[in-house]
Protein chains: 2
Amino acid sequence: MANGQKPTINDVARLSGVSKKTVSRVINKSPLLNDATRGKVEAVIAQLGYVPNLQARALALRRNFLLGLIHDNPNAQMVLGVQEGILDTIRATEFALVVRPVDRHSPTLLDDIRGFIEQQRLYGVMLLPPISENDNLARMCLDLGCTVVRMGSARLDEDARLVASNDRQAVSEAVAWLAELGHTRIGFIAGPEGFRSARERQDGFVEGMARAGLKPDPAIMARGTYRFESGRAAGEQLLSAKEPPTAVFSSNDEMAAGLLHAARERGLDVPQDLSIIGFDDTATAAHIWPPLTTVRWPIRTMASTAARKLIEPGSAAAAPSLFPSDLIRRASAVPRPGKDAQ
Amino acid sequence: MANGQKPTINDVARLSGVSKKTVSRVINKSPLLNDATRGKVEAVIAQLGYVPNLQARALALRRNFLLGLIHDNPNAQMVLGVQEGILDTIRATEFALVVRPVDRHSPTLLDDIRGFIEQQRLYGVMLLPPISENDNLARMCLDLGCTVVRMGSARLDEDARLVASNDRQAVSEAVAWLAELGHTRIGFIAGPEGFRSARERQDGFVEGMARAGLKPDPAIMARGTYRFESGRAAGEQLLSAKEPPTAVFSSNDEMAAGLLHAARERGLDVPQDLSIIGFDDTATAAHIWPPLTTVRWPIRTMASTAARKLIEPGSAAAAPSLFPSDLIRRASAVPRPGKDAQ
DNA sequence: TTGTATGCGTTATCAA
DNA sequence: TTGATAACGCATACAA
């Protein structure tokens with residue numbers, strides 16, 4: 001405090017006439033403390049505007065107060081939702097959120113992340129899909145002595161280290177909805193190979209078709225990369241089939257937007273000639289025309305829960321790890337035209 | 001190293017038979033060091049997998065290695081772009097990026113941010129619009145002993161603390177482009193009052209109109225909130241004017257998407273009946289139909305530069321602080337129909 | 001070119 | 001219930 005520096009625990013101790021250790025006890029809310037002393041010290045703390053030095057605490061405690069968010073995710077809305085969810089949990093704590101976008105195609109991915117965790121000595125990390133599906137990565141983080149929570153679209157780890165949506169069921173229900181609307185020629189745009197979410201959604205599609213008594217037709221199924229352009233390409237393929245679909249489920253919104261463009265370019269009217277359902281409920285979904293019927297999963301709540309699992313490993317297993325999704329019904333999926341007339 | 005702990009500088013010193021200080025010199029790349037000693041120590045470091053403890057360094061150096069990103073921004077794509085830009089710069093350094101979404105309407109905004117900076121003892125912070133326009137906030141960060149760079153849409157601080165686009169000029173050019181396409185009834189959707197960017201864009205509109213010899217007509221100008229719904233509402237207002245516009249500049253993409261919906265609901269064809277230009281080049285812009293002509297500013301480069309200014313205050317003033325924007329010409333703005341026939 | 005003693009701000013140990 | 005002293009891992013001042 002002497003000069004223009006920030007006050008330290010020593011300043012507080014001196015001014016309140018107690019030892020450093022006593023101040024430390026006040027900071028750490030130790031129960032064995034005389035109320036009078038506590039009050040005295042707290043007054044000085046307030047008066048000085050003293051804030052404990054987190055780096056010094058980290059050193060002495062041999063632990064850190066940093067949570068890492070590691071991701072390689074093309075969906076900005078989702079990443080930001082996750083950040084907000086994590087903040088919901090840690091806002092009132094000493095933890096801070098450190099972000100690290102990575103490139104999943106980098107040959108040095110593992111080493112990069114290892115270096116990051118070691119250098120910053122993270123307390124815990126949250127892994128977002130698709131890299132959350134990498135078991136080696138998760139194991140490495142654990143070996144580095146860092147708690148881990150993986151966000152995914154299926155049970156890809158034990159409860160304490162998982163927050164997941166149930167994509168299979170969600171897609172199955174979306175397809176059931178299309179069937180309910182009278183559609184029988186239902187197409188599908190898959191996500192990229194190797195993505196767990198892509199597989200889950202595909203399984204959900206097959207399951208939903210089966211439940212509706214429908215048979216998936218490979219002629220109106222295509223694979224995309226989750227990107228807009230791939231959705232457009234897949235759309236061209238599907239729509240040029242001999243017997244084109246009257247409805248298509250796209251494994252994410254961005255590809256659904258691409259499909260919409262493909263339909264427009266062929267002079268088709270959406271939703272009259274073609275119903276579309278997407279997945280993710282990104283900002284785009286509500287802003288395109290027609291507004292897109294899509295699957296929304298509770299990103300923010302999941303992320304908030306994940307953060308709690310990270311900083312309270314004790315209660316981690318008890319917190320929920322599976323979260324239900326909702327079908328958001330907008331204007332892009334309508335009853336099959338002429339259905340009533342049949 | 002003794003037990004299962006991470007190796008420290010002491011372990012390295014002992015195993016390589018030198019003092020701690022010598023190891024410290026190796027870590028810090030001190031020039032006055034015998035090459036042989038350096039090699040010997042580096043070998044031990046590699047063998048042990050030793051990583052210096054950043055918290056201990058922070059304590060000894062009385063500085064930290066954390067950069068903060070403080071924002072209350074509705075545009076996810078932009079925030080993520082900023083994060084990636086900052087990472088481009090700090091990836092090879094010891095710095096980490098800590099994020100803090102805030103609520104600009106919170107009455108305790110200043111106190112929240114102060115607590116955050118003090119607690120984490122940030123080295124520097126980057127402020128995103130619209131809160132970057134808050135002079136009191138910027139000053140507080142500075143007073144807290146933390147370097148600051150503000151991202152904005154005009155010169156709102158000195159070079160060392162600024163990365164900005166020139167929104168006024170960009171909008172002026174966009175309007176010039178509409179005029180070139182033959183439009184004379186050009187409408188405008190403004191951003192929310194109190195936003196510097198909104199003012200700059202409005203000034204740019206007026207300037208562009210003047211340059212084209214056109215007079216802005218208040219009957220086809222409206223104010224929005226930068227959100228989708230406000231764009232739709234503004235659109236309804238503009239399009240129900242006695243003499244509706246044949247082209248509209250919207251102060252951001254999201255409102256442009258809303259305007260598009262309003263046009264559709266009135267049975268108008270975009271772009272045949274109405275040309276639209278937006279601002280930001282968000283993901284949505286390319287994915288709506290028709291693809292939106294819009295203004296793109298170099299977010300990632302700006303953020304990367306901002307990070308450099310933060311961590312190298314010396315060269316900060318020298319780095320560029322004003323960045324040019326581009327008009328991305330897509331399909332939503334076309335020549336005014338019948339113009340040639342006139 | 002290298003080493004010794006000391007400090008950074010906090011917590012843990014153990015005694016009072 | 002409190003306090004003196006020694007860590008925590010690293011950097012700086014000053015010597016050698």
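Reminder, nothing fancy here: chain letters follow the sequence lines and each chain counts from 1. As the structure is a prediction and not an experimental result, all values here were calculated from the model. Side-chain atoms are counted along with the backbone in the values below, which use heavy atoms only and exclude waters and symmetry mates.
Evaluated for a side-chain contact (heavy atoms from CB on, under 4.5 Å) with Leu67(B), the options Ile311(B), Val98(B), Thr147(B) yield exactly one hit, Ile311(B). With Ser321(A) as the partner, the side-chain contact (heavy atoms from CB on, under 4.5 Å) test is satisfied by one option alone out of Arg155(A), Arg161(A), Arg150(A): Arg155(A).
Atom C1' of nucleotide dA12(C) and atom CZ of Arg63(A) are separated by 15 Å, given to the nearest angstrom. Remark: C1' of dT4(C) and CG of Asn10(B) are 14 Å apart, rounded to the nearest angstrom. Atoms CG (Leu61(A)) and C1' (dA12(C)) sit 10 Å apart, rounded to a whole Å. Between Asp11(B) atom CG and dC10(D) atom C1' there is a gap of 13 Å when expressed in whole angstrom units. Atom CD of Glu118(B) and atom P of dG9(C) are 15 Å apart (whole Å). Look at CG on Asn64(A): it is 14 Å from C1' on dT10(C), rounded to the nearest Å. In this structure, Glu94(B) places its CD atom 12 Å from C1' of dC10(D), rounding to the nearest Å. Following rounding to the nearest Å, Arg57(A) (CZ) and dT10(C) (C1') show an atom-to-atom distance of 8 Å.
For dT11(C), the OP1/OP2 oxygens have a side-chain nitrogen or oxygen of Asn28(A) closer than 4.0 Å. Phosphate proximity of dG3(C) to Thr22(B): present, with a side-chain N or O under 4.0 Å from OP1 or OP2. Residue Thr37(A) places at least one side-chain N or O under 4.0 Å from the OP1 or OP2 atom of dT2(D). Side-chain N/O atoms of Thr8(B) include none lying less than 4.0 angstrom from OP1 or OP2 on dG9(D).
Heavy-atom minimum distance, Glu42(A) versus Val26(A): CG-CG1, 3.8 Å. Residues Pro324(B) and Pro298(B) approach most closely at O-CD, 3.3 Å, considering heavy atoms. Across every non-hydrogen atom of Gln77(A) and Ala76(B), the tightest pair is OE1-CB, 3.6 Å.
Evaluation of atom-type donor-acceptor distances gives a pair under 3.5 Å for the side chain of Arg25(A) against the base of dG3(D). Evaluation of atom-type donor-acceptor distances gives no pair under 3.5 Å for the side chain of Arg62(B) against the base of dG7(C). Between the side chain of Lys21(A) and the base of dA4(D), no donor-acceptor pair under 3.5 Å is found. Looking at Lys20(A), its side chain comes within 3.5 Å of the base of dT10(C) through a donor and an acceptor atom.
Of the two residues near DNA chain C, Arg121(B) and Arg38(B), the one whose nearest nucleotide lies more 5' is Arg38(B).
Within 4.0 Å of Val18(B), counting heavy atoms only, lie sugar-phosphate atoms of the nucleic acid but no base atom.
Between Asp135(B) and Arg139(B), none of the side-chain N atoms (NZ, or NE/NH1/NH2) sits under 4.0 Å from a carboxylate O, so this pair counts as no salt bridge.
In this structure, the nucleotide among dA11(D), dT2(C), dT10(C) sitting nearest to the side chain of Leu33(B) is dT2(C). Side-chain atoms of Ile9(B) lie closest to dC10(D) of the nucleotides dT11(C), dC10(D), dG9(C). For Leu59(B), the side-chain atoms get nearest to dG9(D) when compared with the rest of dA4(D), dG9(D), dT2(C). Between dT1(D), dC10(D), dT11(C), one nucleotide has an atom nearer to the side chain of Leu32(A) than all others, and that is dT1(D).
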